[in-house]
Amino acid sequence: MTKTRKRILKILLFILILFSCLLILFNLSKSRTFQLFGEVVSSVPNNDKKIALTFDDGPTENTSIILDKLSELNIKATFFLCGTGIEQRPDDAKLIVASGNAVGNHSYSHTRMIAKSYGFIKQEVDKTNSLISKSGYTDTIFFRPPYGKKLFFLPYYLSKKDIVTVMWSMEPETVLGFDATAEEIARYVIDNVKNGSIILLHPMYNPDNVLPALDIIVPELKKQGYTFCTIPQLYKEYK
Ligand SMILES: [Zn+2]
């Protein structure tokens with residue numbers, strides 16, 4: 001084998017290894033069931049047909065209609081709020097807390113928590129936890145990474161602070177598209193729900209589809225014996 005050929009082979013091998021490493025890191029960063037440090041939860045299996053609705057982002061101007069819908073359906077959900085949203089709409093954050101629904105941390109600025117400094121991640125987590133506490137929330141605060149992305153520093157810092165990462169097991173809007181109708185979202189949830197499912201929805205941005213979907217999902221799943229719990233309730237009872 002000539003020297004040039006050997007060199008080309010070495011370069012190709014290097015590219016292959018590099019590409020494999022990047023692929024592994026990419027899959028790791030979006031895994032719903034594994035992270036390098038601390039605990040991650042994507043469902044809370046149980047035998048009591050208990051499930052959780054989780055709403056990401058906000059608060060937005062839709063907070064009140066979401067809370068009204070939950071109260072009308074007589075269920076509680078978990079709101080993963082962003083620090084910037086709480087700062088912009090502190091009264092809405094207080095309303096969520098006062099309504100007895102649970103609140104989780106969805107970062108301060110809703111930035112991908114990858115390739116960011118340790119200091120940046122620490123600030124995103126701490127600032128938002130403090131804003132959530134200032135809204136009157138006293139229960140355990142869980143963390144949901146923006147875009148579900150996490151790799152090294154975020155899980156490491158969360159584990160240091162004993163904060164559990166909460167992902168999800170169902171995301172109808174991602175599977176069906178954000179323009180899916182209420183009926184399509186409802187059908188997807190009803191057909192795929194399992195004991196301990198954690199369902200992710202975005203009524204803060206998508207209330208016209210999500211809230212009418214809840215009108216179908218909640219009575220149907222209640223009829224099937226399911227109970228809607230918050231993440232702190234599910235976690236404390238079954239983890
Ligand atoms: Zn989000």
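For reference, positions follow the sequence shown, starting with 1. These numbers come from a predicted model, not from an experiment. Start at 1 and go down the list; that is how both ligands and their atoms are numbered.
When distances to the Zn ion (ligand 1) are checked against a cut-off of 2.8 Å, His106 contributes an N, O or S atom below that limit. When distances to the Zn ion (ligand 1) are checked against a cut-off of 2.8 Å, Cys82 contributes no N, O or S atom below that limit.
Every residue two or more places apart in sequence or in another chain that forms a ring pair (Phe, Tyr, Trp, His ring centres under 6.0 Å) with His202 is listed here: Phe178.
Residue-level check: among N/O/S atoms of Asp57, OD1 sits closest to the Zn ion (ligand 1).
Less than 6.0 angstrom separates the ring centroid of Tyr147 from the ring centroid of His110.
Considering Thr78, Thr54, Asp57, Thr165 in turn, Thr54 is the only one that fulfils the side chain to side chain donor-acceptor pair (under 3.5 Å) rule with Arg144.
Salt-bridge annotation for Arg187 and Glu220: absent, with no side-chain N of the basic residue lying under 4.0 Å from a carboxylate O of the acidic one.
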